[in-house]
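Each remark here refers to the structure printed beneath this line.
The analysis underlying the following values was restricted to heavy atoms, covering all of them including side chains, and did not include hydrogens, waters or symmetry mates.
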Amino acid sequence: MRDIAAVRAAFGKPLPAAKGVRYTPAIVGGVPGEWVEADVAGPCATTTLLYLHGGGFVGCSARTHRPLTAAFALQGLRVFAPDYRLAPEHPFPAAPQDAMAVYRALRAEAPTHRLAVAGDSAGGNLALGLMLSLRDAGEPLPAAAALFSAALDLTGGSPSITLNAGRDAMFDPAQLPHLTEAYLAGADPTQPRASPLFGDMTGLPPLLLHVGESEVLRDDSIRLAQRAREAGVTVELQVFPGVPHVWQLVRQLPESRRSVRAAARFLLSAERSSAPEEPDVLIVGAGLSGIGAAVHLQRDGRGKSFALLEARDAIGGTWDLFRYPGIRSDSDMYTLGYEFKPWRAAQSIADGASIRDYIREAAVEHGIGAHIRTQHRLVSADWSAAEERWTVQVERGPQRQRVQMKPRFLMFCSGYYSYAQGHRPQFPGEAQFAGPVVHPQFWPEGLDYAGKRVVIIGSGATAVTLVPEMARTAAHVTMLQRSPSYVVARPGVDALAETLKRWLPARLAYRLIRSKNVLVGMYFYRVMRRYPGPAKARLVRMVREALGPQFDVDKHFKPNYKPWDQRLCLVPDGDLFKALREGRASVATDQIETFTADGIQLRSGQLLKADVIVTATGLQLNLFGDAKLSLDGRPVNPADLLVYKGMMFSGLPNLANTFGYTNASWTLKADLTARYFCRLLRRMDRHGHTVFTPTRGVDVAPEPFLDFTSGYVQRAAALLPKQGDRRPWRLHQNYVLDLLALRCGKVADGVMAFARSGRT
């Protein structure tokens with residue numbers, strides 16, 4: 001692609017076009033091109049289409065794109081395809097200027113006529129840039145636009161540039177910069193006229209986007225769909241499997257005909273609309289659970305349409321929200337990872353950034369970004385028995401504009417705690433303290449604690465993560481706890497896993513490691529629950545062996561509760577114990593009397609000097625992401641609900657909720673939930689059912705949903721739903737038994753009620 005003449009020769013050979021079309025040379029707005037119209041006499045075309053051809057800004061012409069423009073003409077559009085100026089002879093902004101001149105001339109020729117715009121590849125870039133320029137100039141916009149395999153980010157910032165490097169049938173991504181350099185000739189590639197993906201999408205007309213799943217440019221279209229939807233633009237995005245770049249030029253392909261027909265219908269009739277979007281399934285939350293559920297639904301949901309709502313401006317959930325030092329998993333990644341995506345890194349206990357990247361990779365690899373609506377926060381959901389749909393109210397974008405969606409099914413993957421607030425008790429004398437007081441959930445960027453004294457209040461997973469990481473640069477770190485927690489050292493790298501990965505195919509090795517870790521985890525959990533006394537003694541002895549006889553282990557690491565009454569805290573490679581042994585950190589087990597100007601006064605009389613205080617005091621539990629639920633306008637109180645199979649609720653139709661294990665990795669249960677939900681949908685389709693509702697029997701006794709003694713659970717106990725005293729209103733909290741029950745047990749179990757169009 002350094003040789004422009006060779007590029008033009010390769011791109012300049014037209015493929016066969018359909019018959020029954022006439023081509024008329026013309027100059028419009030001072031730009032040469034051709035009109036493409038159907039020969040068959042019929043009603044006068046009501047829509048004019050400005051079609052901007054692709055060709056990397058350096059090649060192709062109206063003639064090379066006749067297969068596409070002719071296909072549109074046969075669908076009832078009157079098409080003008082300009083031969084805009086090409087680089088490098090005419091670099092940026094010559095092509096955008098020509099596109100603007102043609103559009104203005106077409107608008108002036110028939111000001112009341114419907115005018116649409118379409119383009120492929122580089123032409124898609126010009127089409128979107130044209131609309132942004134028209135909007136900014138206050139000029140009338142086209143009625144609709146269609147973009148095929150559009151090249152919208154000339155900086156090469158889309159993940160698919162790398163991910164699909166070996167899959168794209170046309171482009172070697174390493175060569176694409178040569179075309180960009182020829183076109184831009186030194187101009188800034190980040191300006192919206194050059195890379196229109198970076199522009200503000202507010203006010204654009206309805207957009208249709210078609211792109212191939214294996215294209216290096218795939219994510220340009222997916223990112224555009226996300227940004228445009230955030231701005232309130234109507235977007236119809238379809239990612240086609242098994243097709244090359246701008247496959248629409250090969251008119252013999254059934255995918256080509258399908259794409260052109262859909263685009264023609266859209267260009268002829270699409271209107272700005274405030275009608276609610278109606279996906280089959282609405283997934284709430286694009287974190288670890290939500291992305292996993294979307295992949296399962298895409299693979300096993302029998303073509304169900306779906307959308308993901310994410311309140312924040314990025315996916316990743318917990319692993320994008322939490323940015324405190326040392327943030328890491330508290331489960332091994334072979335079980336916290338998805339069953340469909342092997343964990344390839346060596347670290348079994350992974351840092352937050354690696355987990356965030358893993359989630360994003362899963363979304364990109366499976367094209368889930370096409371379905372994600374970032375900055376969309378679910379406010380409320382009301383079930384209509386008459387419509388057999390949920391009506392959900394959503395706050396969209398930074399301005400929190402209210403919009404409606406009407407899904408048939410709701411699937412909550414929003415976790416179990418509030419993103420808006422953590423548990424943050426107020427301490428006596430807090431206002432006296434001269435330094436910063438920080439909650440890990442809202443860690444301030446750039447907080448400088450190097451060479452300073454730090455006190456961390458708390459003894460849970462967050463605290464034991466923070467202590468060794470902050471102790472690397474702080475003068476000293478003290479973990480202040482009211483009572484001890486169980487802390488267990490575990491190797492950061494699973495040696496057996498690394499051996500299997502060297503000798504076996506990646507997926508087989510992953511399945512074996514995952515199975516091994518599941519079984520080992522189940523075994524130790526059962527042993528600890530059955531023999532709590534010996535288990536406690538062993539856990540405390542392990543800490544004593546790690547810290548030595550001089551450390552008061554009984555005071556600081558011997559809890560007063562049984563193992564697994566609360567979750568165990570894992571420390572990879574014993575990093576917490578190492579920091580304590582080396583004197584870079586210490587533990588204080590006491591209660592707070594008051595904050596002072598330079599630290600914390602304890603009940604015992606000890607003063608902990610501090611320059612920075614971190615309140616690792618826990619989470620604030622919630623359900624349904626704080627959204628309000630109602631049934632035909634009647635509010636639903638979560639505390640009145642009974643949990644069905646750990647994922648649905650008595651009396652709530654067409655709703656599922658993902659809640660992971662408390663005694664194992666979250667994702668083990670999340671995967672089971674998503675797969676069972678897909679199984680349920682498939683059965684409903686087979687029997688023609690439209691509504692499912694778990695129906696509670698009068699003889700089922702309610703019990704606490706969680707049997708943990710952790711503070712965050714006890715604080716929310718009155719707000720949480722209950723589980724029952726028998727199946728299916730309770731699960732085993734055992735992965736193997738739950739796996740058998742959810743994959744092999746009956747869906748129509750006599751408790752789940754089904755309805756067909758309002759008739760039971």
Side-chain angles (χ1 to χ4, degrees), residues 287-289 292 316-338 343 345-356 358-359 415-417 422-423 440-441 443 456 458-470 479 481 484-494 497 513-514 517-518 520-522 524-525 528 539 542-543 546 557 559 561 563-577 579 614 616-619 621 658-671 706 708-713 733 735:
L288 189 64
S289 303
T318 293
W319 305 107
D320 185 73
L321 174 70
F322 284 97
R323 300 297 181 102
Y324 61 80
I327 171 68
R328 65 195 181 205
S329 63
D330 63 349
S331 303
D332 72 277
M333 288 304 301
Y334 300 104
T335 56
L336 188 63
Y338 299 120
W343 175 255
Q347 286 295 326
S348 175
I349 305 297
D351 62 273
S354 297
I355 301 172
R356 184 169 65 248
Y358 173 82
I359 296 169
Y416 63 99
Y417 67 91
H423 176 60
Q441 190 166 328
W443 196 267
I456 298 172
S459 60
T462 302
V464 301
T465 297
L466 280 163
V467 171
E469 183 64 26
M470 297 186 77
M479 185 172 77
Q481 58 183 15
S485 300
Y486 290 105
V487 182
V488 181
R490 180 171 183 167
V493 176
D494 186 328
I513 302 160
R514 185 180 174 92
N517 287 0
V518 166
V520 169
M522 287 170 48
F524 281 113
Y525 174 77
M528 289 182 189
L539 292 173
M542 289 167 63
V543 176
F557 287 99
Y561 58 87
W564 282 109
D565 279 354
Q566 298 181 25
R567 196 172 175 94
L568 305 185
C569 297
L570 297 182
V571 290
D573 299 319
D575 58 1
L576 172 67
F577 302 141
V614 180
T617 45
L619 306 167
L621 261 64
T658 300
F659 197 97
Y661 286 120
T662 55
N663 63 348
S665 289
W666 178 274
T667 317
L668 292 175
K669 178 65 182 305
D671 276 338
L706 297 173
F708 262 24
T709 62
S710 302
Y712 68 92
V713 174
Q733 290 294 319
Y735 177 73

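Between Ser348 and Ser329, the shortest heavy-atom contact is O-OG, 4.3 Å. In plain terms, the two heavy atoms of Met479 and Ala463 that are nearest each other are SD-CB, 4.1 Å. When all heavy atoms of Leu619 and His423 are compared, the pair lying nearest together is O-CB, 3.4 Å. In terms of heavy-atom proximity, Ser485 sits nearest to Cys569 at CB-SG, 4.4 Å. Contact detail for Ser459 and Val464: the closest heavy-atom pair is O-CG1, 4.0 Å. A pairwise comparison of heavy atoms in Gly316 and Ile359 identifies O-CD1, 3.8 Å as the closest pair.
With a 4.5 Å cut-off on side-chain heavy atoms, Thr335 and Thr667 do not count as touching. Under the 4.5 Å side-chain criterion, counting only non-hydrogen atoms from C-beta, Val543 is not in contact with Leu539. Side-chain contact check for Tyr417 versus Leu321: some heavy-atom pair is nearer than 4.5 Å. With a 4.5 Å cut-off on side-chain heavy atoms, Gln347 and Asp351 do not count as touching. Looking at heavy atoms from C-beta onward, Val571 lies out of side-chain contact with Pro468 at the 4.5 angstrom threshold.
Within the 6.0 Å centre-distance limit, the rings of Tyr358 and Tyr338 are counted as a close aromatic pair. Aromatic pair Phe524/Trp564: centroids not less than 6.0 angstrom apart.
Of the possible donor and acceptor atoms, one in the side chain of Asp573 sits under 3.5 Å from a partner among the backbone N and O of Gly492.
Atom CD of Gln441 and atom CZ of Phe322 lie 4.0 Å apart (nearest 0.5 Å). Rounding to the nearest 0.5 Å places CG of Leu336 at 5.5 Å from CG of Leu288.
Within the structure, salt bridge (charged side-chain N to carboxylate O under 4.0 Å, His left out) pairs that include any residue of residues 460-470 comprise Glu469-Arg472 (at least two apart or interchain).
For Ser665 and Arg514, the side-chain atoms include no donor-acceptor pair closer than 3.5 Å. No donor-acceptor contact under 3.5 angstrom links the side chains of Thr658 and Ser289, judged on distance only.
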#### Entry: Audit row: Ile355, Arg328, side chain to side chain contact (heavy atoms under 4.5 Å, CB included) steps and yes/no
CA-CA 8 Å; Ile355 301 172; Arg328 65 195 181 205; over 6 Å; no
### Message
Between Ile327 and Trp319, does the side chain to side chain contact (heavy atoms under 4.5 Å, CB included) criterion hold? Intermediate values first, please.
### Response
CA-CA 8 Å; Ile327 171 68; Trp319 305 107; 3.8 Å; yes
### Task
Applying side chain to side chain contact (heavy atoms under 4.5 Å, CB included), run through Tyr486 and Arg567 and close with a yes or a no.
CA-CA 8 Å; Tyr486 290 105; Arg567 196 172 175 94; over 6 Å; no
### Task
Check the pair Thr465 / Tyr324 against side chain to side chain donor-acceptor pair (under 3.5 Å), numbers first and verdict last.
CA-CA 9 Å; Thr465 297; Tyr324 61 80; 4.8 Å; no
### Task
Could you go through the side chain to side chain contact (heavy atoms under 4.5 Å, CB included) check for Trp343 and Asp332 one step at a time?
CA-CA 10 Å; Trp343 175 255; Asp332 72 277; over 6 Å; no
### Task
Please test Thr318 against Arg356 for side chain to side chain donor-acceptor pair (under 3.5 Å), starting from the C-alpha separation and ending with a verdict.
CA-CA 9 Å; Thr318 293; Arg356 184 169 65 248; over 6 Å; no
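Using a 30° and 60° split on the angle between ring planes, Tyr735 and Tyr661 fall in the perpendicular class, above 60°.
Checked against side-chain contact (heavy atoms from CB on, under 4.5 Å), Leu570 has the following partners two or more places apart in sequence or in another chain: Ile349, Val488, Arg490.
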